[in-house]
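Beneath this line is the structure, given in structure tokens, with notes to follow.
All values below come from the heavy atoms of this structure, side chains included, with hydrogens, waters and symmetry mates left out.
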Amino acid sequence: MAKVIAVNISEKKGTIKKPVLHGEFKIDHGMVGDAHAGDWHRQVSLLGQESIDKMISMGAKDLTPGKFAENITTEGICLFELPVGTQLKIGDTIQEVTQIGKKCHHGCEIKNLTGDCIMPREGIFTKIIKEGQVKPGDDIVII
């Protein structure tokens with residue numbers, strides 16, 4: 001079963017995120033208090049622990065949840081294979097996949113720290129359809 005491994009937040013764009021006990025997610029906004037939140041199509045970022053493990057197997061060190069600036073670190077679901085438009089029930093929320101991958105911005109702290117950034121290939125972005133709380137251990141269900 002797919003589940004949430006960590007919920008992560010940062011106050012500034014382009015920086016790693018820090019794990020928190022839970023996140024509040026609002027419609028037309030994303031994660032309350034996160035630098036990437038706002039009324040746009042990339043409100044929430046997700047990355048699988050499996051993707052992080054690929055980087056570890058290639059020699060990257062000290063990779064913990066949030067280092068790739070993802071809001072939600074997942075396990076047990078191949079996120080980048082989900083079609084845009086897929087809806088996911090995560091904790092109390094319902095989120096809709098809006099984008100697969102992204103281009104890293106110039107001077108990306110994550111790429112500088114790790115030597116690579118897997119988000120452009122395997123990270124996904126969602127918008128909030130139903131608001132609520134998400135915490136580590138929550139199930140992720142494709143609707």
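Between D34 and K17 a salt bridge is recorded (basic side-chain N to carboxylate O distance below 4.0 Å).
Side-chain atoms of K127 never come within 3.5 Å of backbone atoms of T98 as a donor-acceptor pair (strictly under, hydrogens ignored). A donor-acceptor contact shorter than 3.5 Å links the side chain of N8 to the backbone of E70. In terms of modelled atom types and a separation under 3.5 Å, the side chain of K3 and the main chain of I5 share no donor-acceptor contact. A donor-acceptor pair is defined here as one N or O able to donate and one able to accept, closer than 3.5 Å; such a pair exists between the side chain of E50 and the backbone of G76. With Q99 contributing its side chain and G101 its backbone, the two residues share a donor-acceptor pair below 3.5 Å. Between the E24 side chain and the V32 main chain, no donor and acceptor come within less than 3.5 Å of each other. Checked by atom type and distance alone, the side chain of S45 pairs as donor or acceptor with a backbone atom of N71 at under 3.5 Å.
No side-chain heavy atom of I52 sits under 4.5 Å from any side-chain heavy atom of M55. Residues V44 and V134 have side chains not in contact (no heavy-atom distance under 4.5 Å, counting atoms from C-beta outward). Annotation: side chain of V141 is not in contact with side chain of L88 (no heavy-atom distance under 4.5 Å). Contact of the I140 side chain with the V4 side chain is registered, since non-hydrogen atoms from C-beta on lie closer than 4.5 Å.
To the nearest 0.5 Å, atoms CD (E81) and CD1 (I124) are separated by 11.5 Å. In this structure, CG in D92 is found 11.0 Å from NE2 in H22, a value given to the nearest 0.5 Å. The distance from atom CD1 of I143 to atom CD1 of I90, rounded to the nearest 0.5 Å, is 9.0 Å. Annotation: the span from I9 atom CD1 to H36 atom NE2 amounts to 11.5 Å, rounded to 0.5 Å. If you take NZ on K89 and NZ on K130, they are separated by 6.0 Å, rounding to the nearest 0.5 Å.
Nearest heavy-atom pair across F125 and M119 is CZ-CE, 4.0 Å. The nearest pair of heavy atoms linking F25 to V7 is CZ-CG1, 4.4 Å. Residue I27 comes nearest to E131 through the heavy atom pair N-OE1, 3.1 Å, listed as atom of the first residue, atom of the second, then distance. Closest heavy-atom contact between A2 and I77: CB-CB, 3.7 Å. Closest heavy-atom contact between K67 and I16: O-CG2, 3.2 Å.
Applying the side-chain hydrogen bond (donor to acceptor under 3.5 Å, both in side chains) test to residues at least two apart or on different chains, the pairs with a partner in residues 51-60 are Q49-D53, S51-E122, K54-E122.
Other residues, nucleotides and ligands contribute only 12 or fewer heavy atoms inside 6.0 Å of the CG atom of L21. Within a 6.0 Å radius of NZ in K18, other residues, nucleotides and ligands contribute 12 heavy atoms or fewer.
For the pairing with L46, the side chain to side chain contact (heavy atoms under 4.5 Å, CB included) check across L79, T73, V97 returns one residue only, L79.
Put simply, W40 and I128 are part of two different groups of oily side chains (I, L, V, M, F, W, Y) that touch within less than 4.5 Å, one to the next. With hydrophobic clusters built from ILVMFWY side chains whose heavy atoms lie under 4.5 angstrom apart, I142 shares a cluster with V84. Residue L82 is not grouped with residue F68 when hydrophobic side chains (ILVMFWY) are merged at heavy-atom distances under 4.5 angstrom, including chains of intermediate members.
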- Message: Using the rule given for side chain to side chain contact (heavy atoms under 4.5 Å, CB included), can you reason through V20 versus M31, listing the C-alpha separation, both sets of side-chain angles and the distance that settles it, and then say yes or no?
- Response: CA-CA 12 Å; V20 292; M31 187 174 180; 3.9 Å; yes

